[in-house]
Amino acid sequence: MEFRIQTEMSIMDKLNILADAAKYDVSCSSSGSARRGDGKGIGNTVKAGLCHSFAADGRCISLLKILFTNECIFDCKYCMNRRSNDVPRASFTPDEVCELTMEFYRRNYIEGLFLSSGILYSPDYTMELICQTVYKLRTVYRFQGYVHVKAIPGADPALVRKAGFLADRISVNLELATAESLKKLAPNKHRKNILGPMKQIQNGIIQSRNEVVLYDHAPRFCEAGQSTQMIVGATPESDYQIMAVAESLYQKFSLKRVYYSAFVNVNQDKDLPALPGGPPLLREHRLYQADWLLRFYDFTVDELLTQDRPNFNMMIDPKADWAVRHLELFPVEINRADYHLLLRIPGIGVKSAKRIVSARRFGALTFEDLKKIGVVLKRALYFITCGGRMMYPTKIEENYIVRNLTYQGPDGRKEKRLFAADGMRYEQMSLFS
Amino acid sequence: MQEEKYLICEDSIEGVFSGIYDAYALREGHEHLHLQIGEEENLRLFAYYLNIQPDSVKTRKVAETIQRRLGTETYMSICRALATEDAGKGEAVYKVVVDGITGGSGRRVMENAANPHVDLVFRLARKASNEITHLLEFIRFQELRQGILYARTGPKCNIVSFLMPHFADRLPLENFIIHDEKRQLYGVHPKGKEWYLVSGPEEVTKDVMQMSEKEEEYQELFTMFCHTIAIKERINLKLQQQMLPLRFQEYMIEFAKS
């Protein structure tokens, strides 16, 4: 018979296990709070956030993203650290977490700490540990950089409140868009244990903002707001359902961000779909594009999707998709259209729209000016006029525009120039066009 | 035909601002006046050249006027644009100042995107600003045996002075140095004091630059962390390189050994 006795693990092994266990959490932003250092400790925060490195999957590394422990009493089917999996387990001590954070931070490796955890013994016990660690980091180590913690579903509201005063951002993961899916895949989690803390954090933020208006030194509660994350592609929800949930989270819970995480099948569980083509990355990308449309472009979900068309077009992005279905609004005259209409033109983003609005006060803009401003004319040219003229003689017709927007050259790459220098398009005639 | 006049200034904020001061002092109208940074190899025929001496009083006056009349934001854009290496930056900044103050667009001047000088200053300022943000993110301090944090950089623009306030606020109780290898500039921050810039010698002796004992351990820990945090089902090296261009990777410890 063979016994293996757990010996003291090195910090290298622990970090390896606990970073590996935390990597499926998407959120890594360090934005939302702007705080200068007080000169007596270490750290500040930058409103826009900073990304200190990029991993081989192209995702940013902004925070030291770790679990406090990967021991867990829950048995969520999608999760690598579920109770029934035989994986190496490790736990940090609060001091180890603090020291790693401090030493990484002063070398400018990271912007702060992202601390999540598997559920050790009980939600309260785990939340208490997280609070202790962050408290120590803030008071003993005098760390003033960014801290993002997870609120553990089912933990005592008093502990969540305590964490809120210590952290810049708290998040509770919604995990799945519908309650039925959650019940099926995460039998120990309940919708009300997720939405409860979310509401509590929202109220805490509102209350704290009001107090700060009255007293400048009132303690800040979760200054950078709260976020959440949903797994995409593990359950049969449509894009419409997912986006509708995201929209109501933004409206009813004033969330700062909703993250979408393309499902990666780590457990090969019978209740989970096999994904021979890898995680649904394009779908995730379309959801993020739509998320941006909700938050910065004044779109609503019902404009983008309907019950009859519940999923995004994989060929073109949601904004172009919306535009080709609303050709009655186009072409738009750049020199006259209001800001909100400019935002709806494919190829024009928030920055370009703002620059157009301020630059046209000095005189009428031409296509040349638009190019300088940063408008992507390759996409915008089908939808705009400058001084009453379109850039090239094009048709305003759905099929024609979609064909041009998705046109690929013979070598499979996107063609750079669809139009010749004289603005004409020469193409092979076909009996079927 | 009126003669074109070229004012030749030093490549610094002080040089260009003194040039702008002198251009106004000539009182000849601005259409035929140009600002040029450094000597030109091919001198123009029928052009008149004037050398400008940098002067701190003139610089301060121009800086204050720009801030008052064109606003702090425009002033910052101008300073950032002057940190780039573009040959036309002096002329563009000069014409933007003229457009704002004499042309009357004032604080709005940078909004006139169709004006070619404004466009150039805007693009240069954006270029410098992007590099500043990148370096705030990507520079790596290494701990030397004396406990000093030392960072090597090789930026395209002259931006060490834009990085220092951020790190001085962030690490007030550390002794740290940011070294611009291309210009041999050192930003120095002594613990608890104000930071300053030093123009330094080419080579620093090797034994000063020895790493502390713990340094290697933390470099290994972070390198391993960066490796572990990537999801292997999502590997996308092209995206990684797009977000983090190779010219920065050269100076980052997590890419040094791979």
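First the proteins, then the strands, lettered A, B, ... as listed; each starts at 1.
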**Student:** Got a sec, which residues hit side chain to side chain donor-acceptor pair (under 3.5 Å) with B:R247, two or more places apart in sequence or on another chain?
**Tutor:**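 Residues passing side chain to side chain donor-acceptor pair (under 3.5 Å) with B:R247: B:E131.
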
**Student:** Does NZ or CZ of A:R355 fall inside the cone over B:F122's six-membered ring, less than 6.0 Å from its centre and within 45° of the axis?
**Tutor:**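 Judged by the rule, A:R355 and B:F122 form a cation-pi pair.
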
**Student:** Which distance, rounded to the nearest 0.5 Å, do you find between the OH of A:Y109 and the CD1 of B:I139?
**Tutor:**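 Output value for this atom pair is 12.0 Å.
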
**Student:** For A:F54 and B:F138, take the angle between the two ring planes, folded into 0 to 90°, and tell me which bin it lands in: parallel under 30, tilted 30 to 60, perpendicular over 60.
**Tutor:**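 Ring orientation of A:F54 relative to B:F138: perpendicular.
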
**Student:** Sort B:L237 into side chain, backbone, both or neither according to what part of it lies under 4.5 angstrom from a heavy atom of chain A.
**Tutor:**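 Both backbone and side chain.
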
**Student:** Using heavy-atom distances under 4.5 Å, tell me whether B:M243 contacts chain A through its side chain, its backbone, both, or neither.
**Tutor:**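 For B:M243, heavy atoms of backbone and side chain both lie under 4.5 Å from chain A.
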
**Student:** Counting a contact as any heavy-atom pair under 4.5 Å apart, which residues of residues 74-87 of chain B contact chain A?
**Tutor:**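 The list, in residue order, is empty: none.
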
**Student:** In terms of heavy-atom pairs under 4.5 Å with chain A, which of B:L239, B:L244, B:N112 leads?
**Tutor:**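 The candidate making the most pairs under 4.5 Å is B:N112.
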
**Student:** Who among B:E111, B:R108, B:E137, B:Q241 has the most heavy-atom pairs with chain A under 4.5 Å?
**Tutor:**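 So the answer, after comparing B:E111, B:R108, B:E137, B:Q241, is B:E137.
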
**Student:** Between the side chains of A:R107 and B:E174, is the shortest nitrogen-to-carboxylate-oxygen separation below 4.0 Å, so that they form an ion pair?
**Tutor:**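 Salt bridge flag = no for A:R107 with B:E174.
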
**Student:** Taking side chain as C-beta onward, heavy atoms only, is B:P172 less than 4.5 Å from A:K40?
**Tutor:**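 They are not in contact (no side-chain heavy atoms under 4.5 Å apart), so the answer is no.
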
**Student:** Are any of the side-chain heavy atoms of A:N265 and B:E233 separated by less than 4.5 Å?
**Tutor:**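 A side-chain contact is absent here, since even the closest heavy-atom pair is not under 4.5 Å.
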
**Student:** For each of B:T133, B:V118, B:L149, B:N115, tally heavy-atom pairs with chain A at distances under 4.5 Å, and name the one with the top tally.
**Tutor:**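 Going by pairs under 4.5 Å, I would pick B:L149.
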
**Student:** When you look at NZ of B:K156, are more than 12 heavy atoms from neighbouring residues, nucleotides or ligands closer to it than 6.0 Å?
**Tutor:**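 It does not: B:K156 NZ has 12 such atoms or fewer within range.
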
**Student:** Looking at CE of B:M224 and CG of A:N16, how far apart are the two atoms once the value is rounded to the nearest 0.5 Å?
**Tutor:**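 That separation rounds to 4.5 Å.
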
**Student:** Would you kindly say whether A:D20 and B:T228 are connected by a side-chain donor-acceptor distance under 3.5 Å?
**Tutor:**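 Short answer, no.
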
**Student:** Does either side chain, that of A:N44 or that of B:D169, offer a donor lying less than 3.5 Å from an acceptor on the other one?
**Tutor:**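 Yes, a side-chain donor-acceptor pair sits under 3.5 Å.
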
**Student:** When you check the gap from the basic side-chain N to the acidic O, do B:K214 and A:E99 get nearer than 4.0 Å?
**Tutor:**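 Looking at A:E99 together with B:K214, the answer is no, because their closest N to O distance does not fall below 4.0 Å.
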
**Student:** Just checking B:H166: does its NE2 atom have more than 12 heavy atoms from other residues, nucleotides or ligands closer to it than 6.0 angstrom?
**Tutor:**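 Yes, NE2 of B:H166 has more than 12 neighbouring heavy atoms, counting only those of other groups under 6.0 Å.
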
**Student:** By a 4.5 Å heavy-atom criterion (distance strictly below it), what part of A:N108 contacts chain B: side chain, backbone, both, or neither?
**Tutor:**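 Backbone plus side chain of A:N108, per the 4.5 Å heavy-atom cut-off to chain B.
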
**Student:** Could you grab the distance from atom CE of A:M102 to atom OH of B:Y218, nearest 0.5 Å is fine?
**Tutor:**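 Separation between the atoms: 10.5 Å.
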
**Student:** Go through it in stages, so that I can follow the logic: the residues are A:K65 and B:I229, the test is side chain to side chain contact (heavy atoms under 4.5 Å, CB included), and I'd like the CA-CA distance, side-chain angles, deciding distance and then a yes or no.
**Tutor:** CA-CA 8 Å; A:K65 197 191 295 177; B:I229 208 79; 4.1 Å; yes

